Amino acid sequence: MPTTSGPRDAGRYAAVAPHSRSAEDAGLGATVDVRVLRVSAHADEAARDLPFLSEEEKARAAAFRLRADRDRYRVAHTALRRELAARLGGTPSAVTLVRAGCPLCGGPHGRPSLPGDPLHFSLSHAGDLVLLAFASTPVGVDVEEHPELRLATEVAGALHTREQAELAALAEPRRPAAFARCWTRKEAYLKGTGTGLGEDPSVTYVGTAGAPVPPPGWRISDIEVPAGYAAASAHKIDHPDPQDG
């Protein structure tokens with residue numbers, strides 16, 4: 001671990017739990033549309049949709065040794081192409097995906113994007129879930145299964161010092177869920193900025209408690225997902241609130 005809305009064609013990928021975060025409602029001029037998919041519900045369909053994938057994507061999918069890993073990859077990437085095609089027009093196989101420049105070194109290995117950035121997107125998957133997010137500004141999304149206490153304790157040392165203290169103050173049975181909540185917020189934000197884990201997770205504070213603490217100029221939202229998982233989205237806002245951060 002270191003009001004759902006959208007085009008009609010995209011509706012075939014129904015969320016397992018309703019979630020939509022509209023920053024326009026808060027007067028921030030940006031909208032995030034999040035899709036939550038069950039891998040088990042879409043694996044057969046994704047296998048039929050393999051022609052939608054690029055040759056590179058097909059090769060990556062085929063390289064997974066375990067069927068569960070192949071299914072997650074296929075569901076995530078065929079669904080992403082369907083959603084993008086529904087929003088942009090055209091066919092899923094015609095969607096061109098590129099890599100943005102890395103904000104740390106400028107190399108061509110930043111976050112996945114579309115040429116010219118007409119729409120921003122992010123995807124994540126864990127266990128039986130796939131998350132997709134779409135926005136008019138840079139966006140990141142992350143989903144994780146709740147870890148065992150031992151793993152949560154070990155990885156907690158990589159978090160911000162305040163987050164470490166918050167976790168340490170919790171009773172042990174509550175720590176895995178709180179850790180996962182914090183980690184998904186943090187990784188969603190880092191994916192949104194494009195740095196990913198190239199930025200040390202200890203740098204930015206997002207909190208472990210019920211309400212996320214967003215960095216200036218960003219919004220972080222916890223996403224409702226089935227028990228045993230945590231998920232979050234982060235998107236850049238057009239008009240930062242001077243009180244943020």
Side-chain angles (χ1 to χ4, degrees), residues 1-2 6-7 9-16 33-102 107-115 117-135 138-145 147 180 183-184 187-188 190-192 194 196-198 223 225-226 228-233:
M1 176 180 274
D9 291 343
R12 63 190 298 187
Y13 294 101
V16 297
D33 186 15
V34 176
R35 299 286 172 174
V36 186
L37 294 75
R38 282 281 193 187
V39 174
S40 54
H42 295 284
D44 291 343
E45 185 174 28
R48 294 192 297 269
D49 288 346
L50 285 181
F52 295 163
L53 301 182
S54 68
E55 292 305 313
E56 179 183 357
E57 289 171 318
K58 292 175 185 176
R60 290 189 64 183
F64 288 108
R65 183 174 60 86
L66 299 179
R67 178 176 178 178
D69 295 333
R70 280 197 305 276
D71 285 347
R72 271 192 298 272
Y73 185 90
R74 288 173 172 178
V75 169
H77 288 262
T78 57
L80 174 64
R81 284 180 168 273
R82 279 194 175 278
E83 294 278 353
L84 289 173
R87 287 165 169 77
L88 301 174
T91 63
S93 58
V95 172
T96 299
L97 301 176
V98 297
R99 285 279 182 177
C102 172
H109 49 260
R111 56 185 172 81
S113 62
L114 297 163
D117 285 330
L119 177 70
H120 297 270
F121 66 89
S122 182
L123 71 81
S124 180
H125 47 73
D128 194 41
L129 295 187
V130 167
L131 263 63
L132 304 173
F134 306 90
V139 63
V141 71
D142 190 54
V143 59
E144 303 284 351
E145 294 182 272
W183 187 269
T184 56
E187 188 154 351
L190 294 177
K191 289 170 73 172
L197 293 178
I223 298 170
V225 285
Y229 292 87
S233 67

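Note that this is a predicted model, so its numbers are computed, not measured. Sequential numbering from 1 along the given sequence is applied to the chain's residues.
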Of all residues at least two apart in sequence or in a different chain, which pass the side-chain contact (heavy atoms from CB on, under 4.5 Å) check with [X]?
X: Pro51; value: none
X: Ala230; value: His146, Ala180, Thr184
X: Arg70; value: Phe64, Arg67, Arg74

Is there a side-chain contact between [X] and [Y], using heavy atoms and a 4.5 Å cut-off?
X: Leu114; Y: Leu97; result: yes
X: Val141; Y: Leu132; result: no
X: Ser124; Y: Lys191; result: yes
X: Pro112; Y: Arg99; result: yes
X: Leu80; Y: Phe134; result: yes
X: Arg82; Y: Asp49; result: yes
X: Leu129; Y: Arg38; result: yes

Please identify each residue that fulfils side-chain hydrogen bond (donor to acceptor under 3.5 Å, both in side chains) with Glu56, with sequence neighbours left out. none

Nearest non-hydrogen partners of [X] and [Y], listed with the distance:
X: Ala231; Y: Val225; value: CB-CG1, 3.8 Å
X: Thr96; Y: Pro115; value: O-CD, 3.2 Å
X: Pro92; Y: Ala85; value: N-CB, 3.6 Å
X: Leu119; Y: Ala135; value: CD1-O, 3.4 Å

With rounding to the nearest 0.5 angstrom, report the [atom1] to [atom2] distance, [X] to [Y].
X: Asp142; Y: Leu123; atom1: CG; atom2: CG; result: 10.5 Å
X: Leu131; Y: Ile223; atom1: CG; atom2: CD1; result: 4.5 Å
X: Glu187; Y: Ser122; atom1: CD; atom2: OG; result: 9.0 Å

Using 4.0 Å as the upper bound for N to carboxylate O, is an ion pair formed by Arg60 and Glu57? no

Determine, for Asp33 against Arg87, whether the closest basic-nitrogen to carboxylate-oxygen distance falls under 4.0 angstrom. yes

Counterpart residues, salt bridge (charged side-chain N to carboxylate O under 4.0 Å, His left out), relative to Arg111 (two or more places apart):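 For Arg111 there are no salt bridge (charged side-chain N to carboxylate O under 4.0 Å, His left out) partners, ignoring immediate neighbours.
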
Is Asp71 reaching over with its side chain to a backbone N or O of Ala43, donor-acceptor style, under 3.5 angstrom?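 Flag not set: sc Asp71 to bb Ala43 has no pair under 3.5 Å.
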
Using atom types as modelled and distance alone, determine if a side-chain donor or acceptor of Arg72 lies under 3.5 Å from a backbone N or O of Ala126.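 Side chain of Arg72 to backbone of Ala126: no pair is present.
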
Using the test ring pair (Phe, Tyr, Trp, His ring centres under 6.0 Å), find all partners of His77 that sit at least two apart in sequence or belong to another chain.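 Testing His77 for ring pair (Phe, Tyr, Trp, His ring centres under 6.0 Å), a comparison that skips the adjacent residues, returns Tyr73.
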
